[in-house]
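Note that the coordinates shown come from a computational prediction; the quantities given were computed from them, not determined experimentally. Side chains included, hydrogens not; waters and symmetry mates left out as well; all remaining heavy atoms used.
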Amino acid sequence: MTTPAQRIGEVGARLATEGVDDVLADDLVRRIVDVVGNSLAATREEPARIAGAVATEWGGAPQATGIGMGQRLPAPSAALVNGTLAHSLDFDDTHLPSVLHPSAAVVPAALATAERTGAGGAALLAAAAMGIEVTCRLGMAGYDEELGNSVFFEHGQHATAICGAVGAAVASGMLQGLDAEQLTSVIGIAASMGAGVIEANRTGGTIKRVHCGWAAHAGVAAADLARHGLTGPPTVVEGRFGFLRAFCGERTHPERVTEGLGERWETTGVFFKPYPCNHFTHAGVDAALRLRERGVTADQVRELVLGVPAPVMRTIAEPAEEKRRPRSGYHAAFSGPYTVAAALLGGGGLGVFHEDFTDAAAADPARLDLAGRVRVVADDEATAGFPRQFPAVLTAELTDGTTVTERIRENRGGPQRPLSADELAAKFTGNAERAVGPDRAAEIVASLWTLREDRPVTEVMSGLHTP
């Protein structure tokens, strides 16, 4: 009987030879553009400096581009740096209902490996598609319908980092020319490498920004080890001491890993983020923007009541005082009260943008005053829609005694409310211009689109050295 890992190996080996169809290829280019834009925006962030310093200390062969760095790095090190960049600003795409960010772990591993191996765009797109798909499906295998949430998340684990390491390994292995049996081993190897706890979401610390970098790094390392002959257990996904049991206990669904694999794609339904903050806050931002459109201003507000799904309370609402007065810009990105205040007062970009999450912005008295008037509560209707959407309801109680309510049932950026081509372009440009000028940003995005023409990945990445 074929195990889930063996089935992934078979499909991965086939796709590495056959490639993916035009619809999927176009979707993957958009995701790569999104990852690169997010990464450029993060090049001056402290985690990027730290990851770059560590990679420089390690040294090694100049094989792949470290985005924003002046030197090329060994492929695993480039994956570490670029994965850290991709996830640093919480602007990376999200799969629901698994609640993970697949592209930020998989794409950096695939890009680094493609550069090292001299691969073209077609091979890169096929590998990234399969890696993202594996990541999403492993996340879904740990999603419990009765619980209404990811079991990984309930255990305090970051499914993005854990499942992403395996997806990154599959993508890297495909680009290294591994056969089905070796790709099976890649999964067994990477399953021992994925890790990530999410306490930083609640009480601070910058470690979470490195989670996707470490997953990408682990993925490349796992594929390298398999190429040199290291093996992994074929029953690693579903086995008694395998991946799902180890992380999620008995509440798992291994059949979700392979149902329709290679034919039905989770990847194309992954949500693009319009705002650079925790995805649980986005519906609150949308609701605040709608209140603004209706003429509600901060000086009219006595109190704002933000209703959210019960499971997200611990991430964006607790501890309450911490969330009303975030201690840093990064902490503010995980605050329901702060993000609502920033949007109602008038944020940048598509609603709120990077300038709304600086340390100075998070300490702004006007924002803190309004955030202090936001009370976050669990809402039954929002809970019922979670986690296939992250709904919210926002009620403004005004000083004249009236109330105004906005309910957001479907998140912007998903299949039901997709970002337009102009909005995605505006997101990339706004991101890239933090690191490079407008002309260079236009050159970079145009070059990335040539991946559809099978241009060598090394040529495409050459414009992403030090801005």
Student: Can you sort out the partners of Asp93 under side-chain contact (heavy atoms from CB on, under 4.5 Å), two or more places apart, ordered by chain and number?
Tutor: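 Residues passing side-chain contact (heavy atoms from CB on, under 4.5 Å) with Asp93: Arg31, Pro102, Ser103, Val270.
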
Student: Check for me whether the distance between the ring centres of His87 and His211 falls short of 6.0 Å.
Tutor: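 Ring centroids of His87 and His211 are no less than 6.0 Å from each other.
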
Student: According to side-chain hydrogen bond (donor to acceptor under 3.5 Å, both in side chains), who are the partners of His282, at least two apart in sequence or on a separate chain?
Tutor: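 For His282 there are no side-chain hydrogen bond (donor to acceptor under 3.5 Å, both in side chains) partners, ignoring immediate neighbours.
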
Student: Could you list the residues that satisfy side-chain hydrogen bond (donor to acceptor under 3.5 Å, both in side chains) with Gln157, not counting sequence neighbours?
Tutor: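 Partners of Gln157 under the side-chain hydrogen bond (donor to acceptor under 3.5 Å, both in side chains) test: none.
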
Student: Taking only distance into account, with no hydrogens and no angle test, what donor-acceptor pairs under 3.5 Å do side-chain atoms of residues 237-250 form with protein atoms, sequence neighbours excluded?
Tutor:
none

Student: Test of understanding: with side-chain contact (heavy atoms from CB on, under 4.5 Å), list the residues that count as partners of Val445, not counting sequence neighbours.
Tutor: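 By the side-chain contact (heavy atoms from CB on, under 4.5 Å) rule, Val445 matches Val33, Phe428, Trp449.
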
Student: In this structure, which one of Val35, Asn431, Ile444, Leu85 forms a side chain to side chain contact (heavy atoms under 4.5 Å, CB included) with Leu40?
Tutor: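 Answer after filtering Val35, Asn431, Ile444, Leu85: Ile444.
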
Student: For Glu57, check side-chain contact (heavy atoms from CB on, under 4.5 Å) against everything at least two apart and list the hits.
Tutor: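 In terms of side-chain contact (heavy atoms from CB on, under 4.5 Å), with neighbours along the sequence ignored, Glu57 is linked to no residue.
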
Student: Got a sec, which pairs hit ring pair (Phe, Tyr, Trp, His ring centres under 6.0 Å) with one end in residues 165-189, sequence neighbours left out?
Tutor: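 Checked against ring pair (Phe, Tyr, Trp, His ring centres under 6.0 Å) - neighbours excluded - no pair reaches residues 165-189.
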
Student: Which residue pairs pass the side-chain hydrogen bond (donor to acceptor under 3.5 Å, both in side chains) test when at least one of the two sits in residues 263-275, sequence neighbours left out?
Tutor: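 Pairs touching residues 263-275 that pass the test: His95-Glu266, Glu133-Thr267, Arg264-Glu266, Tyr275-Asp286, Tyr275-Arg412.
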
Student: Quick one: are Cys277 and Phe91 in side-chain contact, heavy atoms under 4.5 Å?
Tutor: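 Contact flag for Cys277/Phe91 side chains = no.
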
Student: Using the side-chain hydrogen bond (donor to acceptor under 3.5 Å, both in side chains) criterion, which residues pair with Thr235? Sequence neighbours excluded.
Tutor: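 So Thr235 forms no side-chain hydrogen bond (donor to acceptor under 3.5 Å, both in side chains) with any residue.
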
Student: Apply side-chain hydrogen bond (donor to acceptor under 3.5 Å, both in side chains) to Glu181 and list each qualifying residue two or more places apart in sequence or on a separate chain.
Tutor: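 None.
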
Student: Provide the full list of ring pair (Phe, Tyr, Trp, His ring centres under 6.0 Å) pairs with a residue in residues 23-75, sequence neighbours left out, each pair given once.
Tutor: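 Ring pair (Phe, Tyr, Trp, His ring centres under 6.0 Å) check on residues 23-75 returns Trp58-His217.
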
Student: Please, which pairs that meet salt bridge (charged side-chain N to carboxylate O under 4.0 Å, His left out) have at least one residue in residues 186-199, sequence neighbours excluded?
Tutor: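 Non-adjacent pairs meeting salt bridge (charged side-chain N to carboxylate O under 4.0 Å, His left out): Glu199-Arg202.
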
